[in-house]
Amino acid sequence: MSKEVTLETLTSLAKRRGFVFQASEIYGGLAGFWDYGPYGVELANNLKQLWWRAIVFENREIFGVDGAIIQNPRLWKASGHVAGFTDPMVEDTKNGKRYRADHLAGIDSTDLEVLRELLKGKKSPDGNPLSEPRVFNMMMKTWVGPIESDDSVAYLRPETAGSIFTNFENVRETTRSKIPFGIAQIGKAFRNEISPRDFIFRVREFEQMEMQYFIHPDDQKTQYERWREFAYTFLTDRLGIAAENLQWHEHGADERAHYAAAAHDIYYKFPQGFKELWGTHNRTDFDLKSHMAESKKDLTYFDEATRERFMPNVIESSVGLSRILLATLLDAYTEEKVGDETRVVLKFAPAVAPVKVAVLPLSKKPELSVLSDKVYTQLVRSTGYNIEFDDTQSIGKRYRRQDEIGTPYCVTIDFESLNDGCVTVRERDSMDQKR
RNA sequence: GCGGGUGUCAUAUAAUGGUUAUUAUCCCAGUUUUCCAAACUGGUGACGUGGGUUCGAUUCCCUCCACCCGCACCA
């Protein structure tokens with residue numbers, strides 16, 4: 001398995017094969033935004049579906065929601081994002097390096113006036129004068145309603161978790177759930193990253209797959225371990241990602257998010273090194289407590305059995321779709337030597353492969369083309385798979401194309417044997433398969 | 001955002017201040033073929049954007065945009 005692929009190579013491969021295109025490419029693109037092509041969207045859908053099945057369908061106490069992207073701005077005040085996503089920064093006026101103003105001042109405050117006073121006359125770590133502190137807001141802003149005014153400001157959600165917490169009571173009530181139970185969501189989120197980087201690794205518009213699991217405070221440790229385990233086995237067993245490309249990383253106190261008491265990330269061996277893929281965080285009661293304070297609605301839980309009222313704690317399992325898709329692509333990437341040529345094959349696990357079956361004709365008869373449409377429809381309906389059906393003449397070329405995207409099963413149809421829309425299929429040896 | 005690098009068909013590339021911008025793969029058409037990344041013939045397709053210098057710019061200069069590498073940032 002060749003792992004020496006660079007992001008640059010993968011970017012052009014992804015484009016050539018129709019996985020990922022630059023957003024608004026004909027206008028020169030826009031940094032941090034990417035579009036999925038025909039194969040990319042199938043791959044993404046497979047990943048989402050596998051995750052959803054594993055987490056929602058296979059756990060009877062976990063339910064799905066699909067929240068709005070724009071929520072009441074107070075939600076982001078309560079979640080800490082208005083404060084936490086708004087960083088005061090200063091620049092070294094000589095070399096342009098940028099620093100967090102509060103870090104340089106050595107205080108835990110984002111008050112611009114306070115910071116300005118403290119930093120007066122201070123030099124940068126390189127000994128140069130500093131600029132005035134300025135605010136960088138990571139949340140994307142918009143206006144609700146036709147008038148742009150301060151009253152109508154809203155934000156595109158910087159994470160999907162918000163609407164899970166605000167719907168905690170709604171879901172508990174309608175599903176008649178008892179603690180522990182979970183709420184899962186797949187959806188888009190937006191962040192004004194200062195510098196989007198590394199293909200689709202760090203982007204400004206992204207899709208999160210995450211689940212918040214509401215538990216009794218005493219169960220933090222066991223549930224934390226449970227969801228760490230879930231993430232790892234999902235990657236290895238269901239997506240077929242090689243274990244040697246995965247690594248655990250525990251967040252130190254200084255790198256944890258504002259809400260987390262403990263955090264373990266699974267890192268994947270991306271070309272730029274081991275980087276974050278899937279986070280399991282202990283959010284404690286931070287979110288429900290904050291939303292209870294801001295909304296003045298009671299979000300505590302009463303356990304009928306133990307006659308105990310408590311604030312549920314939360315274990316979060318969160319993974320970015322584009323990152324998991326990138327990891328899947330990288331893990332499938334294989335170079336093979338054929339003669340003195342090197343060819344690229346994407347060896348996907350059958351479950352994630354964008355095209356499950358490639359149907360290739362044994363011979364071409366123009367009068368059979370209507371029949372082949374019928375056969376195609378039949379096959380797709382009966383299998384539920386995305387099938388590539390090919391009745392063009394360039395048979396040899398098509399084989400190459402099918403194989404390049406790692407279609408797990410290839411089927412050849414003998415058109416001569418077609419009779420009343422029935423088809424005799426002769427199975428070819430499947431592609432190299434993982435798992 | 002800073003520093004460095006790179007932008008030529010879909011992809012990988014060659015060359016050039018001046019006639020029709022090279023090659024391979026892909027794609028399209030035809031011929032052939034009971035195939036397992038076949039062959040032959042023909043064809044479509046490119047100088048990132050805007051400006052400047054110049055008789056003439058894909059080439060030289062500048063702006064912007066995008067991507068890659070390093071730094072910083074990453075609730």
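Residue numbering restarts at 1 for every chain, and letters A, B, ... go by the order of the sequence lines.
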Closest of B/U11, B/A66, B/C68 to the A/Ala31 side chain is B/A66
Problem set entry | Distance between C1' atoms of B/U25 and B/A46 (Å, rounded) | 16 Å
Worksheet item: Quick one: do A/Glu25 and A/Lys15 make a salt bridge, cutoff under 4.0 Å?
Response: yes
task: Quick one: do A/Tyr36 and A/Phe19 satisfy ring-ring contact (aromatic ring centres under 6.0 Å, His included)? Show the steps, please.
output: CA-CA 6 Å; A/Tyr36 290 123; A/Phe19 283 92; 9.5 Å; no
When rounded to whole Å, the CD to C1' distance for the pair A/Glu8 and B/A12 reads 12 Å
Can you tell whether the side chains of A/Glu207 and A/Lys48 come within less than 4.0 Å, N to carboxylate O?
yes
- prompt: Between A/Gln185 and A/Ser163, is a side-chain hydrogen bond (donor to acceptor under 3.5 Å, both in side chains) present by the stated rule, with each step listed?
  reply: CA-CA 9 Å; A/Gln185 176 167 210; A/Ser163 51; 3.2 Å; yes
Rounded to whole Å, CG of A/Asn192 lies from P of B/C74 at a distance of 15 Å
Winner on side-chain proximity to A/Arg197, out of B/A66, B/C73, B/G70, is B/G70
Report task. Could you tell me whether the phosphate oxygens of B/A12, OP1 or OP2, come under 4.0 Å of any side-chain nitrogen or oxygen in A/Ser12? Result -> yes
In whole angstroms, the gap separating P of B/C67 from CZ of A/Arg202 amounts to 14 Å
The answer to which of A/Glu159 and A/Ile200 contacts RNA chain B further toward the 5' end, by nearest nucleotide, is A/Ile200
Scanning all shown strands, the Watson-Crick or wobble mate of B/U58 with both distances under 3.5 Å is none
Which whole number of Å gives the distance between the C1' atom of B/C65 and that of B/C73? 22 Å
Re B/G7: Watson-Crick or G-U wobble partner, both distances kept under 3.5 Å, found to be B/C65
With the side chain defined as heavy atoms from C-beta on, A/Leu30 is closest, among B/A66, B/U11, B/A72, to B/A66
Per nearest nucleotide of RNA chain B, the residue lying toward the 5' end, A/Pro158 or A/Phe199, is A/Phe199
Checking B/C73, B/C69, B/C74 against the side chain of A/Leu7 (C-beta onward), the nearest is B/C69
In whole angstroms, the gap separating C1' of B/A75 from CD1 of A/Ile194 amounts to 11 Å
If pairing means Watson-Crick or G-U wobble with both distances under 3.5 Å, then the partner of B/C71 is B/G1
Quote, to the nearest angstrom, the P distance that separates B/C2 from B/A12.
-> 28 Å
From the list A/Trp278, A/Tyr213, A/Tyr232, ring-ring contact (aromatic ring centres under 6.0 Å, His included) with A/Trp227 holds only for A/Tyr213
Separation of B/C74 atom P from A/Phe190 atom CZ, nearest Å, is 22 Å
note: A/Glu25, atom CD; B/C9, atom C1'; distance rounded to Å ~ 13 Å
Between CD of A/Gln272 and P of B/C73 the distance, given in whole Å, is 17 Å
Exactly one candidate in A/Phe199, A/Phe201, A/Phe206 meets ring-ring contact (aromatic ring centres under 6.0 Å, His included) with A/Trp34; the answer is A/Phe199
Task: Gap in Å between the two C1' atoms, one belonging to B/U33 and one to B/A39, rounded - done: 9 Å
Atom P, compared across B/C40 and B/U16: separation rounded to whole Å: 31 Å
By the Watson-Crick or G-U definition, both distances under 3.5 Å, B/U23 is matched with B/A12
- [ ] Please state the C1' separation for the pair B/G1 and B/A57 - nearest whole angstrom.
- [x] 33 Å
Among B/U11, B/C67, B/G1, the one nearest any side-chain atom of A/Lys15 is B/U11
Q.
Using the P atom as the point on both nucleotides, what is the distance between B/A29 and B/A14, in whole Å?
A. 31 Å
Rounded to whole Å, the CH2-C1' distance (A/Trp34 to B/C68) equals 11 Å
In Watson-Crick or G-U wobble terms, with both distances under 3.5 Å, the base opposite B/G42 is B/C28
| request: Step through it carefully: locate the ring centre of A/His264, locate the ring centre of A/His281, and say whether they are under 6.0 Å apart. | output: no
Is any N or O donor-acceptor pair between the side chain of A/Arg191 and the base of B/A75 shorter than 3.5 Å? yes
Margin query: Work out how far the C1' atom of B/C47 is from that of B/A15, and round it to whole angstrom.
Written below: 12 Å
Determine whether a donor-acceptor pair (one donor, one acceptor, N or O, separation below 3.5 Å) exists between the side chain of A/Ser195 and the base of B/A72. yes
